[in-house]
Engineer: 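Quick one: the structure is below, questions incoming.
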Amino acid sequence: MDFFGRLTIDSLPFYSAIAASGAGVTVLGALSVMAVITYFGAWRLVLFDWVSSIDHKKIGIMYVMVALVMLMRGFIDAAMMRSQQAIAYNNEGYLPPDHFDQIFSSHGTIMIFFMAMPFLSGLINLIMPQQIGSRDVAFPFMNSISLWLTTAGAGLVLISLVIGKFSTAGWTGYPPYSGSQFTPGVGVDYWLWAVLISGIGSTMSGINFLVTIVKCRAPGMTMFRLPLFTWTVFVTSILMIFAFPALTVACGALMLDRTLGFHFFTNEAGGNMMNYINLFWLWGHPEVYILILPAFGVFSEVVAVFSQKRLFGYISLVLATMAIGILSFTVWLHHFFTMGSSARVNSFFGTMTTIIAVPTGVKVFDWLLTMYRGRIIFKPPMLYTLGFLVTFVIGGLSGVLLALPPIDYLMHNTTFLIAHFHNMIIPGVLFGYLAGYMFWFPKAFGFKLNEWWGAASFWCWIIGFYLAFMPLYVLGLLGMPRRMEHYEIAAWQPHLIVAAIGAFIIFLGIVCLGVQLAVSIRDRNKALDLTGDPWNGRSLEWATSSPAAPYNFAVVPQVQSIDAWWDMRRAASLMSRPAEYEDISIPKNTFIGAVIGGAGFVFGFAMVWYIWWLAILCLAVIFVAIVIRASDDDTDYVMPASEVKKIEDARFAQLAKAPKNEMADDPGFAGQPMPEPST
Amino acid sequence: MTAAADTMTVTPQDAQKYEEKEFGFWLYLMSDAIIFACLFATYLVMVGNAAGGPTGKELFSLERAAAETALLLFSSTTFGVAAVALSQGDRSKVLLWLAVTFALGAGFIFLEFGEFAGMIAEGAGPDRSGFLSAFFTLVGTHGLHVSVGLLWILVMIGQVLFKGLTAPVASRVMRLGLFWHFLDIIWVVIFSVVYLPGLL
Amino acid sequence: MRPALAYRSLALALGAALLCAGCSVIDGPVLDPKGPITLAERDLLFQAIGIMMIVIIPVFVMAALFMWRYRGTNKSARYTPNLAYYWPAEVLVWGVPAAIIVWLGLHLWHDTYKYDPYNQIDPSVKPLEVQAIAQDWKWLFVYPEHDVAVVNELAIPVDTPVSITITSDTVMNSLIIPALGGQIYAMAGMQTRLNLLADKPGTFWGRNVQYSGTGFANQQFQTLATSKEDFDAWMEKAKQSSQPLDAATYEKLAKPSEKVPVTYYSGVEPGLFDKIIAKYSHGDVDREPHAAHADSAAEPAE
């Protein structure tokens with residue numbers, strides 16, 4: 001009778017042409033990926049080398065792939081909003097309210113949870129263990145579960161386009177609007193389960209990264225020799241561990257309200273919606289630092305490498321990172337100064353918020369001082385970093401303005417706020433991740449990305465950014481609220497048209513990223529990274545081959561200083577080959593992580609549609625999978641010394657043929673002795 | 001030493017791995033503690049929101065809460081005895097005390113289940129008021145944890161039976177112990193924040 | 001892409017954005033205030049932007065200067081690859097932002113108290129009391145002293161403080177009239193308060209700015225700030241309305257509807273506002289969102 005819960009044939013999106021075509025694109029996209037894999041006969045490779053892999057580098061790459069796919073989807077949402085608002089002066093535009101509302105909700109949800117979070121986890125996974133001289137993360141299997149739970153959440157958002165609808169309650173899902181009384185369909189449930197399931201993955205990632213940094217560092221890698229990127233990951237992981245539980249509680253309680261008729265946040269029966277908002281931002285504010293701190297880490301690495309100079313103010317940067325981490329838990333109330341709190345409460349949280357500007361300002365100046373008396377090389381990662389430095393301070397300025405409660409009373413809920421946080425998240429977070437993507441791509445794949453297309457993508461992104469978001473600041477001053485599906489104030493339209501043009505230029509930037517990838521793969525043999533150190537790097541990830549061997553380091557390095565690799569190379573210590581290699585124990589691939597993620601996805605789907613038997617079945621599958629894994633004491637295999645030697649011999653043969661320093665041909669190269677590999 | 005202790009000797013590499021796992025598990029417990037902290041805060045915010053429905057004074061029974069507390073506290077002690085047996089490498093004692101711990105935990109869940117069922121039957125279910133939503137969620141989340149702990153005890157009994165007291169099994173039992181004592185502490189807080197003020 | 005071309009297009013884009021900003025922002029409600037609250041908030045905005053230029057401008061200058069001077073191809077610039085610490089620089093980079101934040105923090109504290117929307121604007125004058133009720137998707141304003149209610153229009157006399165108590169009979173809303181002052185949330189079962197004053201006559205738009213569902217974009221109203229005489233005339237007109245706002249009429253009105261024309265009601269169900277709150281609060285919930293407001297002297301005991 002209710003075998004499929006509330007799922008019926010009417011749940012398919014044939015009620016609207018736009019919704020149906022969105023569903024069509026999603027389904028076609030999935031089918032074409034499968035077709036490509038089948039065409040290349042790559043199913044074995046995909047399943048046994050990637051899906052089942054628990055190698056941190058492969059998991060990192062898969063995370064970034066998820067992020068790039070979701071970036072595309074999130075951008076399509078953005079483009080639809082910008083085009084709707086550009087034309088919807090005194091008319092309804094082309095999107096009905098119900099559809100527009102789903103789009104702004106999915107845009108925010110996707111960009112935060114399924115673009116930024118996977119991108120961040122991907123870069124961390126790929127690089128952090130290599131930076132600290134470790135052979136893997138502390139818990140490689142749990143890493144795989146994290147990846148597949150995040151993917152399960154992303155899958156739920158994607159499938160909501162095909163079966164049912166997505167939430168209309170925004171990415172923050174404020175009750176009581178998000179309660180079942182006002183939004184009875186499946187949309188908010190899709191949002192809740194996507195967020196809950198991926199949130200569990202993020203908590204596990206945080207634990208994994210923190211244990212890795214605390215327990216798995218190479219000998220000599222003291223905390224105050226950690227590269228800045230790893231330092232930011234350290235603080236971000238702490239924030240993940242302590243902030244995500246608040247999101248779990250907020251969303252879990254809202255889920256209970258919706259599914260079982262609880263009264264946490266309802267209007268009636270003693271619900272308290274303000275509690276949701278507190279819990280949500282108790283996670284939400286640390287979350288923005290979870291996103292941005294690793295980007296700060298990337299900028300710190302990039303600015304030193306491409307200024308060919310030591311990072312200025314290492315200790316200041318570390319202290320500033322820690323200060324931001326601590327302060328991030330003390331400011332959540334600034335998201336709702338306008339909820340009727342007293343002046344005393346508002347001034348406290350306003351002041352705490354402005355204080356965060358101090359460590360952030362310190363960082364900006366230390367990066368600038370790193371460039372001072374350097375030799376700057378304008379490769380794409382450095383372009384993104386420079387674009388960030390200049391643009392980010394504007395976002396910082398508007399952030400401090402919003403932190404002043406009297407101003408926030410006017411600017412809250414307007415496009416000024418939208419402009420502010422995009423001004424932090426696009427130049428701050430996304431530029432950081434894109435810089436990291438272009439910086440570390442050779443480390444992941446063994447060849448460099450095309451620089452012309454990289455630079456083109458940067459210019460499109462930054463010009464598009466200014467055109468798309470500066471008008472939103474102005475619109476905020478004109479009083480335009482966020483989330484307006486149409487409007488009747490003529491003065492707003494010109495700005496919205498400019499913003500739409502900006503969105504189009506950002507689209508060109510995304511096209512450039514795609515072309516860059518395609519061109520680079522085509523021409524990969526011309527841009528091979530043979531030394532493992534394409535940029536004349538400073539930290540230990542450049543000491544491995546590109547791509548790194550499964551064990552990263554055949555001999556665990558002895559770290560002597562902050563710029564470990566830079567100094568080692570000068571001392572020629574790491575390049576000497578050991579007399580003999582050791583056996584190395586490496587975790588075996590397993591499908592259990594993917595099975596748990598898959599069951600998590602189906603579980604979420606079943607809970608959205610009230611298909612209880614299926615939900616229970618999925619929980620049973622997860623339980624059995626965990627017990628099987630927990631009863632397996634033979635999870636590693638030993639790579640014999642002979643095989644290690646074979647891999648290392650090949651590497652040194654390649655090194656002998658490689659140019660002494662891959663950057664030596666660059667006109668801006670300042671010179672750096674590259675010792676001969678001993679043969 | 002006994003043969004069982006022999007199988008528990010570990011290489012430095014393995015010792016490092018168990019240490020990492022223990023530290024990771026502590027972090028998980030901290031994270032879980034934040035979940036409970038949020039639930040406690042929510043409960044305290046909503047304790048007055050009975051919406052004209054029954055309040056704690058009418059619903060809670062000190063006897064039952066005290067019995068639940070006794071069972072859980074006692075189960076922590078018996079787990080401690082199991083842990084001592086583990087360090088002595090005495091497999092049958094480990095099994096015995098794990099089984100006793102399981103029985104006490106199951107008794108706790110039985111009592112809690114009865115309490116919940118009784119309240120729902122009286123029309124004081126979680127959908128009655130904000131206060132009851134918060135109560136059921138806080139206490140229920142703890143109960144869910146205890147239930148997972150019970151399943152974990154069963155799995156560990158199975159592992160001790162089939163694998164013996166090997167080093168990996170022993171390290172898992174130790175982490176189970178952390179989890180079990182953690183739940184005990186959470187319960188003590190629930191007893192003092194939910195039941196005592198509700199009744200006094 | 002040639003850098004020169006790229007820089008030129010960036011400059012062009014920036015210029016276009018600035019021009020676009022300049023031409024219409026002047027008459028935006030925030031920058032052209034019609035009341036002392038928005039005026040003060042705008043002035044704080046300008047002051048804060050000004051003081052922060054102490055940090056922002058050096059960043060721009062340093063970025064441009066260093067990018068040019070220390071470009072890798074400029075072999076004549078000094079190159080100190082190991083310069084990683086210089087204590088006076090560290091003192092400056094921590095000290096200057098900290099000093100600015102101290103200055104801002106003091107202003108923030110002072111102005112947050114001064115412009116708390118719960119504060120009466122002029123305690124010596126009895127303000128005009130208005131009750132605002134958020135519905136899907138319209139605003140109902142009740143004038144308890146005049147026994148009049150109106151949908152989607154708010155009339156106030158110029159130079160008279162207005163005290164609006166706010167609640168919601170639906171999801172969370174946020175009431176704002178940007179020309180006169182900031183916003184405050186409207187929440188079911190609770191009461192919030194906004195004190196405003198118009199010192200210039202005119203018609204200013206106000207609306208809900210907290211997303212509330214499909215009719216959100218249409219949830220707006222006009223504020224008529226008029227002379228005392230015109231306000232009295234408006235009130236007379238409203239009182240002429242044959243329609244009273246009794247419980248049954250209210251029930252019907254509260255149902256979701258969009259683009260509801262301005263409607264006047266004469267004779268309002270006694271205690272309507274409190275009944276709407278009580279409907280949700282069951283007497284449990286503190287009617288102020290934050291109990292902390294009890295310490296705000298401005299809020300009269302209710």
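Every chain is numbered from 1 and lettered A, B, ... according to where its sequence line falls, protein lines coming before strand lines.
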Engineer: At a heavy-atom distance under 4.5 Å, which candidate from A:Trp453, A:Phe458, A:Tyr487, A:Phe348 has the highest pair count against chain C?
Structural biologist: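 Of the candidates given, the most pairs with chain C belong to A:Phe348.
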Engineer: Inspect the contact between C:Asp32 and C:Arg42 and indicate whether a charged nitrogen and a carboxylate oxygen are less than 4.0 angstrom apart.
Structural biologist: no
Engineer: Less than 4.5 Å to any heavy atom of chain A: does that hold for the side chain of C:Phe60, its backbone, both, or neither?
Structural biologist: side chain
Engineer: So, for C:His110 and C:Tyr115, is the gap between ring centers shorter than 6.0 Å?
Structural biologist: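 Here the rings of C:Tyr115 and C:His110 have centres that are no less than 6.0 Å from each other.
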Engineer: For C:Ile49, which atoms come within 4.5 Å of any heavy atom of chain A: side chain, backbone, both, or neither?
Structural biologist: both
Engineer: If I measure from the heavy atoms of chain A, does C:Leu44 come under 4.5 Å with its side chain, its backbone, both, or neither?
Structural biologist: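 Both backbone and side chain.
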Engineer: Using non-hydrogen atoms only, which part of C:Arg207 is less than 4.5 Å away from chain A: side chain, backbone, both, or neither?
Structural biologist: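 For C:Arg207, the side chain is the part near chain A, not the backbone.
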Engineer: Under 4.5 Å from any heavy atom of chain A, what part of C:Lys114 do you find: side chain, backbone, both or neither?
Structural biologist: neither
Engineer: Who among A:Asp98, A:Ile377, A:Leu397 has the most heavy-atom pairs with chain C under 4.5 Å?
Structural biologist: A:Leu397
Engineer: Verify whether one side chain among A:Asn413 and C:Gln210 offers a donor that lies under 3.5 Å from an acceptor in the other.
Structural biologist: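 Checked: A:Asn413/C:Gln210 side chains pair up, N/O donor to acceptor below 3.5 Å.
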Engineer: Any heavy-atom pair between the side chains of A:Ile376 and C:Trp68 that's under 4.5 Å?
Structural biologist: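 Side chain of C:Trp68 against side chain of A:Ile376, heavy atoms only: no contact under 4.5 Å found.
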Engineer: What part of A:Glu488 gets within 4.5 angstrom of chain C, counting heavy atoms only: side chain, backbone, both, or neither?
Structural biologist: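 Just the side chain, heavy atoms under 4.5 Å.
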Engineer: So which part of A:Asp666 gets closer than 4.5 Å to some heavy atom of chain C, the side chain, the backbone, both or neither?
Structural biologist: neither
Engineer: Flag the pair A:Arg310 and A:Asp563 as a salt bridge only when some basic side-chain nitrogen lies within less than 4.0 angstrom of an acidic carboxylate oxygen.
Structural biologist: yes
Engineer: Name the region of C:Ser168, side chain, backbone, both or neither, that has any atom closer than 4.5 Å to a heavy atom of chain A.
Structural biologist: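 Nothing of C:Ser168, per the 4.5 Å heavy-atom cut-off to chain A.
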Engineer: For C:Tyr85 and A:Phe312, I'd like to know if the aromatic rings sit close, meaning centre-to-centre distance below 6.0 Å.
Structural biologist: no
Engineer: Return yes if a side-chain donor-acceptor contact under 3.5 Å exists between A:Ser316 and C:Glu90, otherwise no.
Structural biologist: yes
Engineer: Quick check on A:Ala403 against chain C: is it the side chain, the backbone, both or neither that has a heavy atom closer than 4.5 Å?
Structural biologist: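 For A:Ala403, the backbone is the part near chain C, not the side chain.
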Engineer: Counting heavy-atom pairs under 4.5 Å with chain C, which one of A:Asn346, A:Leu389, A:Leu386 comes out on top?
Structural biologist: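 The residue among A:Asn346, A:Leu389, A:Leu386 with the greatest pair count is A:Leu386.
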Engineer: So, C:Asp169 and C:Lys279, do they make that salt bridge, N to O below 4.0 Å?
Structural biologist: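 Here C:Asp169 pairs with C:Lys279 in a salt bridge, since their nearest N and O are under 4.0 Å apart.
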Engineer: If I measure from the heavy atoms of chain C, does A:Trp492 come under 4.5 Å with its side chain, its backbone, both, or neither?
Structural biologist: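 Only the side chain of A:Trp492 comes within 4.5 Å of chain C.
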